[in-house]
Amino acid sequence: MDASADFDPWSPRFVADPYPGFERLRAAGRAHWFEPSRQWLVPRHADVSALLRDRRLGRSYLHRFTHEEFGRTPPPPEHEPFHTLNDQGLLDLEPPDHTRIRRLVSQAFTPRTVERLAPVVRRLARELVDGLLAEGGGDLMATLAEPLPVAVIAEMLGLPAADRGLLRPWSADICGMYELNPGEETARRAVRASTEFSAYLRELIAARRADPGEDLISALIVAHDEGDRLTEQEMVSTCVLLLNAGHEATVNTTGNGWWTLFRHPEQLAALRADHGLLPGAIEELMRYDTPLQLFERWVLDDIEIGGTVIPRGSEVALLLGSANHDPARFAAPDRLDLTRADNPHLTFGAGIHYCLGAPLARLELAASFGELLRRAPGLRLVAEPEWRPGFVIRGLRELLVEC
């Protein structure tokens, strides 16, 4: 099968609605070679779920092989600041380093820590909705979806409020490298952001060493397990990952979710009539229009998918959005059902790389959706939105609303 006929991540039309293409991919088989990105596409829920947990695959291969041994070309030296930052974060590490760092970070990122943040998150959501109501509406992305998770992460890290405006541009530039086949200009922006963000955090870490506070950076400094500690680079990479991974999904679930609700007025009316549906509604919105569409994994040892042997050295693209619409796992997957009870979506991943910030994301989403449901019951769409370029991290440019 020519997978490119149904998978075109650089097409605005496909980005706007990839789900019909996913349906054809699933029907055609379990693994498809995609020449433009030189990856194997895996579209079905059972396979994606299993492979996210399969230790024959990894986010990195450098814990076992050199680039040359793995048949890969090392990244250009000028990209080094990005790779130094990215490769020391939990998302791109494998055991034993991943195990050690996740254990240490988890000590400072416990459910109790998240629960203590709940009043802060609700206050920030309330203040942002205040602004939207005062203006009678506006761009929901710029006024609520984007600033809320950035403000929460900044609060967690103890960043001065005046510096919050730096975070979103740095994050957007770094995350550009997670798209398929990023170009050289994308790489230049990511390198510059990596350099600037790293320098900023090193100064902040030095300040916290001299004068610890109640913030997460101070907690990471003192986190230890059997005498082990995070290196400064590991702390920097962890903080950047918490920002990037900790807000991109929340931003796009907010925007995509409200756009979905506006297109399903009967479901929105049911949610407005019964706010008790909100926890399940958030899960369904994350499933229905997945904010992170694809996870990449390297094949460390040969695997077989549906009779196709995928050799060591290959890369697979696990299509989360497709998996979340697989009729083999979800009843009527293309129907939005805010009361859906059986909902094992893969939006937060699975296995050792399951999203550490999932409880925080759910808290933020509950706060922002809850505030709007309570205080803007007449919220309505003003214009059909456009999608940002980019398929892996998929979201809207803006969402114009009136209160």
Side-chain angles (χ1 to χ4, degrees), residues 12-13 15-17 121-155 161-176 179 189 193 243-265 267-268 271-272 278 281-282 285-286 288-293 336 361 363-403:
R13 187 173 181 178
V15 170
D17 186 11
V121 173
R122 287 192 285 266
R123 172 180 59 79
L124 291 169
R126 185 168 59 251
E127 291 171 355
L128 292 168
V129 171
D130 284 344
L132 184 72
L133 293 172
E135 295 295 324
D139 177 10
L140 197 65
M141 301 300 294
T143 59
L144 179 61
E146 293 179 357
L148 177 60
V150 171
V152 172
I153 293 294
E155 190 93 16
D163 292 347
R164 289 177 187 171
L166 300 169
L167 302 184
R168 176 66 175 170
W170 278 337
S171 177
D173 286 346
I174 291 169
C175 288
E179 293 297 330
R189 290 197 299 268
L243 171 67
N244 293 347
H247 88 279
E248 287 293 348
T250 310
V251 169
N252 292 326
T253 296
T254 304
N256 299 2
W258 276 104
W259 170 225
T260 295
L261 289 171
F262 289 137
R263 287 180 291 132
H264 295 82
Q267 291 287 295
L268 178 54
L271 183 58
R272 283 171 168 161
L278 186 55
I282 288 169
L285 292 170
M286 286 192 287
Y288 186 83
D289 204 3
T290 310
L292 181 64
Q293 286 283 326
L336 181 71
L363 174 64
E364 292 170 355
L365 291 166
S368 68
F369 276 86
E371 281 292 315
L372 285 173
L373 289 168
R374 284 188 296 273
R375 301 176 59 205
L379 191 72
R380 68 178 188 88
L381 188 68
V382 171
E384 183 169 332
E386 293 183 1
W387 293 89
R388 292 200 316 262
F391 165 74
V392 176
I393 300 173
R394 180 172 164 273
L396 303 171
R397 290 184 187 273
E398 61 181 11
L399 189 63
L400 299 178
V401 298
E402 286 182 349
C403 300

- side-chain contact (heavy atoms from CB on, under 4.5 Å) between Thr290 and Asn252, intermediate numbers included: CA-CA 8 Å; Thr290 310; Asn252 292 326; over 6 Å; no
- Message: Regarding Arg164 and Glu155, does a basic nitrogen lie under 4.0 Å from an acidic carboxylate oxygen?
- Response: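 Judged by the 4.0 Å cut-off on N to carboxylate O distance, Arg164 and Glu155 do form a salt bridge.
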Once you round to the nearest 0.5 Å, how far does [atom1] of [X] lie from [atom2] of [Y]?
X	Y	atom1	atom2	value
Phe369	Leu261	CZ	CG	6.0 Å
Ile282	Ser368	CD1	OG	7.0 Å
Glu384	Leu400	CD	CG	12.0 Å
Thr254	Leu365	OG1	CG	5.0 Å
Leu128	Leu133	CG	CG	11.0 Å
Leu271	Leu373	CG	CG	4.5 Å

- Message: For Asn256 and Trp387: C-alpha separation, side-chain torsions, deciding distance, then whether side-chain contact (heavy atoms from CB on, under 4.5 Å) applies.
- Response: CA-CA 10 Å; Asn256 299 2; Trp387 293 89; 3.5 Å; yes
- Query: Mind checking whether His264 and Tyr288 have parallel, tilted or perpendicular rings, split at 30° and 60°?
  - Reply: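 Ring orientation, 0 to 90° scale: perpendicular.
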- Message: For Leu124 and Val152: C-alpha separation, side-chain torsions, deciding distance, then whether side-chain contact (heavy atoms from CB on, under 4.5 Å) applies.
- Response: CA-CA 8 Å; Leu124 291 169; Val152 172; 3.9 Å; yes
Distance-minimising heavy-atom pair for [X] and [Y]:
X	Y	result
Leu144	Ala125	CD1-O, 4.4 Å
Leu379	Phe262	O-CE2, 3.6 Å
Ala142	Glu146	CA-OE1, 4.3 Å
Val251	Pro149	CG2-CG, 3.7 Å
Ala154	Leu167	CB-CD1, 4.0 Å
Ser171	Asn244	OG-OD1, 2.8 Å

- How would you list all residue pairs meeting side-chain hydrogen bond (donor to acceptor under 3.5 Å, both in side chains) that involve residues 393-403, not counting sequence neighbours?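 For residues 393-403, and leaving out neighbouring residues, the side-chain hydrogen bond (donor to acceptor under 3.5 Å, both in side chains) pairs sorted by first residue read Asp289-Arg394, Arg380-Glu402.
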- Query: If you look only at pairs with a residue in residues 125-141, which of them pass as a side-chain hydrogen bond (donor to acceptor under 3.5 Å, both in side chains), with sequence neighbours excluded?
  - Reply: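 Passing the test, one end in residues 125-141: Arg123-Glu127, Asp130-Arg375.
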- Item | side-chain contact (heavy atoms from CB on, under 4.5 Å) assessment of Leu372 paired with Leu140 | CA-CA 11 Å; Leu372 285 173; Leu140 197 65; 3.9 Å; yes
- Task: For residues Leu285 and Trp258, determine if any side-chain heavy atom of one lies less than 4.5 Å from a side-chain heavy atom of the other.
- Result: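 No, their side chains stay 4.5 Å or more apart.
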